[in-house]
2 protein chains.
Amino acid sequence: MRVLLIEDDHVLGAAIRDHIASNGHGVDWMQRLDDARLALSTMTYELVLLDLNLPDGRGLDLLRELRAARNPVPVIITTAQDQVAIRIEGLNSGADDYLVKPFDLSEMSARLAAVARRSSANPLPVVTIGPITLDLARKVAMVDGKSVVLTAREWVVLQRLLSHRGAIVTKGDIENSLYAFGAEVESNAVEVYVSRLRKKLGRDFVSTARGLGYQVAT
Amino acid sequence: MRVLLIEDDHVLGAAIRDHIASNGHGVDWMQRLDDARLALSTMTYELVLLDLNLPDGRGLDLLRELRAARNPVPVIITTAQDQVAIRIEGLNSGADDYLVKPFDLSEMSARLAAVARRSSANPLPVVTIGPITLDLARKVAMVDGKSVVLTAREWVVLQRLLSHRGAIVTKGDIENSLYAFGAEVESNAVEVYVSRLRKKLGRDFVSTARGLGYQVAT
DNA sequence: AGGAAGCTGACAGCAGCCTGAAATCGGACC
DNA sequence: GGTCCGATTTCAGGCTGCTGTCAGCTTCCT
């Protein structure tokens, strides 16, 4: 896997580069946004690790440019602890995940692997459960051959449940997927969405484990 | 996982407690250091979330006491935005991580999970005992290849028994896992749950050590 | 045998969940 | 900006089955 690292701090940058390289991946390390732009327009990367505090421009701009150009490369952003607002903005601008500085290098590796796996290795399969067919990539659902329209939030809940198919997923987990890093929701939103999914996909699609969470049968 | 939350702010405390609980963990919420001390000397926690701005003494003292007593329980401290010095002092005093107020609840969850994972190192294995398979993380149980549904409380008891597999676990221990500190139960609830587990998982799964407690064979 | 400890079926109560409906949000379009 | 409309979030009332309790029984030990 080839990773583009955009980080202006020399010490941290070198540490990250060495750590990723030691995991057997190729790393291009850019310290300025313009260099990164050039690299991105020349090469194809499977993952971008982007520091949002760069000296020569806002890293967010680069992210937005990528998404505006329909470049789907997975991007993980890094910010300082107290920059919650920037983090949220980053996720809304199309980042796939984030890391808060200072972070563990091993934790970073785990995130990298997770994001890469999520976006490339598994190209979101078509799932069939009884009479239900779900095309996660194309966001198309069918029940008994009839097309059913799901909303954005409903897909999020569904994806969370299916990514742990057979396991019991807690409401907190689902909530975290729904409201990644923005304002907290203080109501039974998850219950409502489960209810909607059941109405659309069938009552037995999701089972409730009282006090534990929800589960989609294997 | 059982978490001790030490936070004097009523609103924030309640919000944190509910959020952790919604992820399926047990939470004891103390608002004063003395209560927290008592709880820590009585129960075993897998994680402590400690506010450093408490009215009746410095939270740092509690942290130092814990480390002086060689208590390795992971501690995450929370401080206000501008208390950089205190934060550093906290980390030097043995804190595992810190959160800057105000923080996102979902971010807190992520930190909790990260710290807990880092310090436990064994991410809830799949246990096999004879014909029984228990997936603690996914909360899925099988007996002779057939799926068995366990309730929330039953998992708690099971987890307690398995975390000391081969050893004899006292009823008091199990009771402490089941019920929050202070909320005592006056009945044979533990016996009832052992009975229910036996009915679902098989009679010989748990053996009774009269006058001592219960035991799961190695 | 007698007593202490443990087991388990039954059941009321209530925490947790469901869901229809109302309020609010947010994007599209003029 | 203003208006519309569907999506999202909140709320409240109703329902369900988990939970704690107890009583009567069994098992173990002296």
Side-chain angles (χ1 to χ4, degrees), chain A residues 88 92 139 141 148-158 160-161 168-180 182-215, chain B residues 14-15 17-27 105-106 139 141 148-158 161 168-180 182-215:
Chain A
I88 295 168
N92 285 336
K139 295 281 182 340
V148 173
V149 176
L150 302 182
T151 69
R153 289 288 205 251
E154 285 163 3
W155 279 110
V156 172
V157 174
L158 200 52
R160 189 77 196 169
L161 287 169
I168 289 180
V169 183
T170 69
K171 279 203 253 195
D173 266 353
I174 299 174
E175 203 168 293
N176 281 344
S177 317
L178 277 174
Y179 309 104
E184 278 303 309
V185 79
E186 26 190 290
S187 78
N188 59 351
V190 173
E191 292 170 14
V192 172
Y193 280 109
V194 169
S195 172
R196 301 236 172 94
L197 282 177
R198 280 173 175 155
K199 195 186 278 186
K200 289 184 177 179
L201 300 179
R203 185 143 316 243
D204 302 332
F205 175 62
V206 185
S207 60
T208 302
R210 235 164 220 262
L212 294 173
Y214 297 97
Q215 181 185 31
Chain B
R17 183 199 51 200
D18 293 345
H19 199 265
I20 297 178
S22 80
N23 274 338
H25 306 305
V27 188
L105 288 179
S106 45
K139 295 276 160 44
V148 173
V149 176
L150 303 182
T151 69
R153 290 300 214 244
E154 286 162 3
W155 279 110
V156 172
V157 174
L158 201 51
L161 287 169
I168 292 179
V169 183
T170 69
K171 283 195 216 182
D173 260 357
I174 299 174
E175 209 164 286
N176 281 341
S177 310
L178 277 173
Y179 306 105
E184 277 311 306
V185 78
E186 355 188 314
S187 77
N188 60 348
V190 173
E191 291 171 12
V192 172
Y193 278 109
V194 170
S195 170
R196 288 183 182 150
L197 281 177
R198 281 173 174 156
K199 190 189 276 187
K200 289 184 178 179
L201 300 179
R203 188 135 322 233
D204 302 331
F205 174 62
V206 186
S207 60
T208 302
R210 218 159 223 267
L212 296 174
Y214 296 98
Q215 181 185 29

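Chain naming here is simple, since letters A, B, ... match the order of the sequence lines and numbering starts at 1 in each.
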Asker: Considering only side-chain heavy atoms of S187(B), which listed nucleotide, dG20(D), dT8(C), dC17(C), is closest?
Answerer: dG20(D)
Asker: Axis-to-axis angle across the helix from dA1(C)-dT30(D) to dC30(C)-dG1(D), five pairs an end, to 10 degrees?
Answerer: 50°
Asker: Just to verify, what does R160(A) make a side chain to side chain donor-acceptor pair (under 3.5 Å) with, not counting sequence neighbours?
Answerer: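 With neighbours one apart ignored, the set is S177(A).
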Asker: Using a cutoff of under 3.5 Å, can you pull out all pairs of nitrogen or oxygen atoms linking the protein to nucleotides 20-23 of chain C, with atom names and distances?
Answerer:
{"residue": "dG20(C)", "atom": "OP2", "partner": "K199(A)", "partner atom": "NZ", "Å": "2.9"}

Asker: To the nearest angstrom, how far is I168(A) atom CD1 from dC17(C) atom P?
Answerer: 12 Å
Asker: In whole angstroms, how far is the P atom of dT26(D) from the CD atom of E191(B)?
Answerer: 16 Å
Asker: Specify the separation, in whole Å, of atom CZ of R198(B) and atom P of dT26(D).
Answerer: 17 Å
Asker: From CG of L197(A) over to P of dT19(C), roughly how many Å is that when rounded to an integer?
Answerer: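 Going from CG in L197(A) over to P in dT19(C) covers 12 Å.
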Asker: Expected output is a numbered-order residue list: members of residues 150-157 of chain A with a heavy atom under 4.0 Å from any atom of DNA chain D. What is it?
Answerer: T151(A), A152(A), R153(A)
Asker: Can you name the residues that form a side-chain contact (heavy atoms from CB on, under 4.5 Å) with V190(B), not counting sequence neighbours?
Answerer: K171(B), I174(B), E175(B), L178(B), V194(B), Y214(B)
Asker: Taking the nucleotide of DNA chain C with the closest heavy atom to each, which residue, T208(B) or A209(A), is nearer the 5' end?
Answerer: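 First, find each residue's nearest nucleotide; the 5'-ward one identifies T208(B).
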Asker: Report the residues that fulfil side-chain contact (heavy atoms from CB on, under 4.5 Å) with A209(B), sequence neighbours left out, ordered by chain and then residue number.
Answerer: I168(B), L212(B)
Asker: Mind jotting down which residue pairs meet the salt bridge (Lys or Arg N to Asp or Glu O under 4.0 Å) criterion with at least one end in residues 198-212 of chain A? Sequence neighbours excluded, please.
Answerer: E154(A)-K200(A)
